[in-house]
Enquirer: 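For reference, the structure I am asking about is given below.
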Amino acid sequence: MQVFINGKQTELPSGTSVQNLIEQFDIRDKVAVEINEEIVSRSRFELHTLEDGDRVEIVRAIGGG
Amino acid sequence: MQVFINGKQTELPSGTSVQNLIEQFDIRDKVAVEINEEIVSRSRFELHTLEDGDRVEIVRAIGGG
Amino acid sequence: MQVFINGKQTELPSGTSVQNLIEQFDIRDKVAVEINEEIVSRSRFELHTLEDGDRVEIVRAIGGG
Amino acid sequence: MQVFINGKQTELPSGTSVQNLIEQFDIRDKVAVEINEEIVSRSRFELHTLEDGDRVEIVRAIGGG
Amino acid sequence: MTEKQPQDLLLINGKPYTSRLLVGTGKYRDMEETKRAIEASGAQIVTFAIRRSNIGQNRDEPNLLDAVPPDKYTLLPNTAGCFDAETAVRTCRLARELLDGHNLVKLEVLGDKKTLYPDIPATLDATKTLIEDGFDVMVYTNDDPVMAKRFEELGCVAVMPLAAPIGSGLGIRNPYNIRTIVENAHVPILVDAGVGTASDAAVAMELGCDGVLMNTAIAEAKNPVLMASAMKKGIEAGREAWLAGRMPRRAYASASSPIDGTFFT
Amino acid sequence: MTEKQPQDLLLINGKPYTSRLLVGTGKYRDMEETKRAIEASGAQIVTFAIRRSNIGQNRDEPNLLDAVPPDKYTLLPNTAGCFDAETAVRTCRLARELLDGHNLVKLEVLGDKKTLYPDIPATLDATKTLIEDGFDVMVYTNDDPVMAKRFEELGCVAVMPLAAPIGSGLGIRNPYNIRTIVENAHVPILVDAGVGTASDAAVAMELGCDGVLMNTAIAEAKNPVLMASAMKKGIEAGREAWLAGRMPRRAYASASSPIDGTFFT
Amino acid sequence: MTEKQPQDLLLINGKPYTSRLLVGTGKYRDMEETKRAIEASGAQIVTFAIRRSNIGQNRDEPNLLDAVPPDKYTLLPNTAGCFDAETAVRTCRLARELLDGHNLVKLEVLGDKKTLYPDIPATLDATKTLIEDGFDVMVYTNDDPVMAKRFEELGCVAVMPLAAPIGSGLGIRNPYNIRTIVENAHVPILVDAGVGTASDAAVAMELGCDGVLMNTAIAEAKNPVLMASAMKKGIEAGREAWLAGRMPRRAYASASSPIDGTFFT
Amino acid sequence: MTEKQPQDLLLINGKPYTSRLLVGTGKYRDMEETKRAIEASGAQIVTFAIRRSNIGQNRDEPNLLDAVPPDKYTLLPNTAGCFDAETAVRTCRLARELLDGHNLVKLEVLGDKKTLYPDIPATLDATKTLIEDGFDVMVYTNDDPVMAKRFEELGCVAVMPLAAPIGSGLGIRNPYNIRTIVENAHVPILVDAGVGTASDAAVAMELGCDGVLMNTAIAEAKNPVLMASAMKKGIEAGREAWLAGRMPRRAYASASSPIDGTFFT
């Protein structure tokens, strides 16, 4: 299926969970995740599986004022 | 009947027109009139008769910045 | 004899030394002395005797900016 | 003889007057003249003859603030 | 400067004005002083307030519209004293009726009595209502460049940022903001409020403003008529200086007279 | 303001002037621009420098004294460029001779090329020598009130404190000093040097100065003739504002329109 | 001053802080410099931005949350870069999730890229949404006292007026507005943006502000760590000066030393 | 900032000081307050005046030299109150005798009671006499860069331009002059007089001054001891900011947070 991760279109096997995604991309920073403009809490990363066409945002803290 | 003219309660004979009012109070300044927050145009001063309880505002130009 | 001490005319026995003066007026502050616009150093207080008409200034440190 | 005119050394026939100088150099501006740091008034241009070694300054008005 | 006059006109709502000084009519000793001060100021746009007529008392007091005849001046009714959008809109409608359909108004919706700064959200609401209702709105605002642009986009015919609190006489408190507002603008920017003396008016014009509206600085001067003349000249001086293009500022000196040709060395 | 004209004259050395703007003649593109700028400025006192005549070259270059005829203007020779008392005194004597015995001079003895600030001790020496020698001295000084008073006591006919370095265009750097100098003075105080634009000139006059002398601010404007006009108006605006008596400054607002009579409450 | 420490704490949302300097984490050379500058500043509240994670590239770049550990600092996520209410709200929700439910946010909704001034109406909307949603909002606003009060009334835990445009280093452009905001406030007023050097920070505190947030002034100094120390001291100096109560300003001099007792007369 | 401490010392006449704040001892409530304020200020150089001893009355009043022991502080006698060179020189000689041959003095020769500005010519005379007589002269002068340089050339060990009139608390009236004086100097430049609050002291240091001397700003604060601490920090803040090198000023904004990586576009 096709999902958009941080704006980039990506092919993923259906049934991929948010947790799979984090691992697959080897994201080590502490992050927050939004799918289709809804927050997915960290506790639900395992359970929440992506749907075709999902717009996923994975964000972190960076330097700013 | 009782009407409120510039905030002051006043007894008037029923059928009093805006024009009557202007004359009765001998108002010589150029004025604009609002009744119950609606403008009454100068052209309708003769025709427009007051109702009991009307809130009449008669205003003019004064010095201000 | 008459001398002027800090502007005040004062009667003193002739032969009075600066040291006598300091003691007589019980001046305990550290002071500097000028006679007729010449400094008299502390080491010479004993030796220096006043003359009739001398203008003596005895000054000290005070708060100022 | 040798004179210095506005800082430039110049050969002149002896007996040259200030007036001769003005004419020789065709100076048309209104000017003031100083010789050896002394003013020579305009009225004396004819009479005043230069000496060998004179330092002559001929000045005029120019734009300035 | 005859060579610049032709092209240097202030256009408000398509109407040309040679004067860039707008004046109020409040705080004068009497109507005669009001009249003489306005004349000395050379103002062509004059603002005034709307208040209740006197009912049956001192009917012979002089009338502002006689002192400031509409055929001679562009009259600019203002909503001074309004602290909400509704009363400001009602005031404008009464003013339009009073002036036989004249649509030009100066909108001010105040936010607080201490500063008399505008209530920006209420001013936005009133602006939209008035423009829909066919008014030509000159709007009093703070010196925030973002809000000034917003009012232009809403269709105001002029934007009037404050220089300092109304009646404070503190002058241009924040020239950076005023300059930025001017740089961004496609409608006339008129400094409204805060000017205290003639040099303040000149400074506003040197920042590129199209004009200045003032009242207290003239009316509360010891000699209002003379101050009105001073303000007229201050505005013209600042405008001409801006058009002429000032010299650069330098941290150090630069001699006015040439160095060469000195007879001493 | 016709009612004040009669009494509002600048008196220098007993001679009355209606204009309070004094101008220099340096840094202009050409003599024609110099002439037009001076006319636009309305100045009646014009300052110039003394330099060596050209000996035998370009004899047809225009002459300053033709552009600024002594019968039309009060010519004020200055000692610009002098860094010691002696050359300043020599320059004044040459100037007096050049102008057929005219005694009025602007004395400046400079202390340093970076700031062109005066050398105060040398200026004091030159002032004494010139006054003994019968000159009427208008003296360029710093903005130190003590020194300004000293020059008045020595008999200078005008004291000319700097507002900022010559040619810097920084405006009145220290209004407190200028105001104090004015308060103490019994001779005309003319701000000399540092003005950059019309509002600076107005500020100087609002501080109570009797006049302003400038050169670079006009000559280096993009349009010198228009800036000259701006300066004329700025000076008049500031003078009238000072005579009119400005409103008090307030930390907070003060409404221009009456509160009572509002139909909303 | 040990005698004042106990009572002189900055309370934000009920939590006490001894430091009144809040710092940003942008524009530093590297994470090490960020860390050392924050330590030198003594700041206890540190703000940061929210951006997309890198997907699959340079995974070893240092992590801000390691440099600024949440157990040591109060982390303040901000909505820098948001030009509308919706994205600002989304950003705050992501930040809360990122920080495990931490509700304190710095809201900024920008109105224009040139000035980075807030979009006041959009900021009002976002403020309402966030407060309903349980956030503790510290809000970036302009220096309009009416708007500052409005944000307090909406329930913001701190109001953060700008001193000058973000990153401009121009200092307190309009001290009158800041002082008025402080006088009217019942929540902490923190100057946000515009400070350029230590004296600017001191001036803000001497106006009675409760604190100052800055980033560029430290990060863009030639020596950021030393400037961070300078800012720490500037904030403390200004705060103590405000608590100590400054001397009155005088137009003239007042001798520091007594006159009587001089031996010369 | 431990890395800068070693090299950042104030050297006066070859003697190193870690504190750049010099304080006076006038105008305090009592000797105890004087003592505590000086301690809080961290000052190492303390100035005082010379007056006649009391002859036979209140002999038990506390003695300044006990409050400010010469073994702990560098005592700096000043000539406050002297309006001519002679009395200033006499005062210095008495002070030297009083302090057992200590040669360091602060010379001030005043020109007028209203401004307490120096009498420059008299100060020049006194300076020459004192230096010939072996004194190390720290000289109070106006803010004229030419005069400041002159005093350096005469051999003064420090030059102390005023920021504003003594005791006025007006702050740095003319930063351009102070900066120019600093740029030209090869001896320490210490701002003397005019500072009113901590930010003024920081500004002086950010202009590059080597130190500041003050009295009234501390002694007339509501809480002198706390203000002394504020001044200590203000001086250090300004010094560190100057050493750190401030960010450039910008007319417009510059974002603190990166633009790329925003999840909204």
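No hydrogens, no waters, no symmetry mates; every other heavy atom, side chains included, goes into these values. This structure is a prediction, so every number in the text was calculated from the model and none was measured. Convention: sequence-line order gives letters A, B, ...; per-chain numbering from 1.
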Enquirer: Which one, I166(G), L110(G), N215(G), leads in non-hydrogen pairs under 4.5 Å with chain H?
Expert: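 Top option by heavy-atom pairs under 4.5 Å: I166(G).
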Enquirer: Take E86(G) and R90(G) through the test salt bridge (charged side-chain N to carboxylate O under 4.0 Å, His left out) and record every step on the way to the result.
Expert: CA-CA 6 Å; E86(G) 296 63 32; R90(G) 279 173 67 195; over 6 Å; no
Enquirer: In plain terms, say whether R173(G) and D143(G) are close enough for a salt bridge, that is, a side-chain N and a carboxylate O under 4.0 Å apart.
Expert: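 Result for this pair is no, no salt bridge flagged.
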Enquirer: Report the distance from atom CD1 of I218(G) to atom OG1 of T25(G), rounding to the nearest 0.5 Å.
Expert: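 These two atoms lie 11.5 Å from each other.
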Enquirer: For residues M227(G) and E240(H), determine if any side-chain heavy atom of one lies less than 4.5 Å from a side-chain heavy atom of the other.
Expert: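 M227(G) vs E240(H): side chains apart.
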Enquirer: Considering only heavy atoms and a distance below 4.5 Å, find which of P258(G), G194(G), A228(G) pairs most often with chain H.
Expert: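 Among the listed options, the one with the most contacts to chain H is P258(G).
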Enquirer: Which bit of I235(H) comes within less than 4.5 Å of chain G, counting heavy atoms only: side chain, backbone, both or neither?
Expert: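 Neither part; nothing is under 4.5 Å.
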Enquirer: As an exercise: rank V203(H), T47(H), N78(H), L170(H) by heavy-atom pairs under 4.5 Å with chain G and give me the winner.
Expert: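 Between V203(H), T47(H), N78(H), L170(H), the count favours L170(H).
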Enquirer: Under a 4.0 Å N-O cut-off, is there an ion pair linking K27(H) with E220(H)?
Expert: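 Yes, charged N to carboxylate O under 4.0 Å.
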Enquirer: Select, from S168(H), A221(H), G245(H), the one with the greatest count of heavy-atom pairs under 4.5 Å involving chain G.
Expert: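 Ranked by heavy-atom pairs under 4.5 Å with chain G, first place is S168(H).
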Enquirer: Taking only Lys NZ, Arg NE, NH1 and NH2, and the carboxylate oxygens of Asp or Glu, determine whether D192(H) and K106(H) approach each other closer than 4.0 Å.
Expert: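 K106(H) and D192(H): salt-bridged.
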Enquirer: Side chains of R246(H) and E206(H): does their closest heavy-atom pair fall under 4.5 Å?
Expert: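 The answer is no; the side chains never approach within 4.5 Å.
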Enquirer: Could you tell me which portion of P248(G) (side chain, backbone, both or neither) has an atom closer than 4.5 angstrom to a non-hydrogen atom of chain H?
Expert: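 Contact with chain H: backbone and side chain both.
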Enquirer: Determine, for K35(G) against E39(G), whether the closest basic-nitrogen to carboxylate-oxygen distance falls under 4.0 angstrom.
Expert: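 A salt bridge is absent here (no side-chain N lies under 4.0 Å from a carboxylate O).
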Enquirer: If you count heavy-atom pairs under 4.5 Å between each of M231(H), K232(H), R249(H), M205(H) and chain G, which one has the most?
Expert: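 Of the candidates given, the most pairs with chain G belong to R249(H).
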Enquirer: By a 4.5 Å heavy-atom criterion (distance strictly below it), what part of T197(G) contacts chain H: side chain, backbone, both, or neither?
Expert: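 Both parts, backbone and side chain.
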Enquirer: For the candidates A202(G), G169(G), P165(G), A193(G), which exhibits the highest count of non-hydrogen atom pairs separated by less than 4.5 Å from chain H?
Expert: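 Greatest number of close heavy-atom pairs with chain H: G169(G).
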Enquirer: Does any backbone or side-chain atom of D112(G) lie under 4.5 Å from a heavy atom of chain H? Answer side chain, backbone, both or neither.
Expert: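 Neither the backbone nor the side chain of D112(G) comes within 4.5 Å of chain H.
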Enquirer: What residue, out of G171(G), S199(G), A241(G), has the most heavy-atom pairs lying under 4.5 Å from chain H?
Expert: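 Heavy-atom pairs under 4.5 Å are most numerous for S199(G).
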Enquirer: Between R93(H) and E97(H), does at least one N-O distance fall below 4.0 Å, as a salt bridge requires?
Expert: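 Result for this pair is no, no salt bridge flagged.
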Enquirer: Could you check which of P224(G), G24(G), G167(G) has the highest count of heavy-atom pairs closer than 4.5 Å to chain H?
Expert: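 That would be G167(G).
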Enquirer: Count the heavy-atom pairs under 4.5 Å between each of A164(G), A201(G), G196(G) and chain H, then report the option with the highest count.
Expert: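 Of A164(G), A201(G), G196(G), G196(G) has the most heavy-atom pairs under 4.5 Å with chain H.
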Enquirer: Could you check which of A198(H), S256(H), G26(H) has the highest count of heavy-atom pairs closer than 4.5 Å to chain G?
Expert: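 Option with the greatest count: S256(H).
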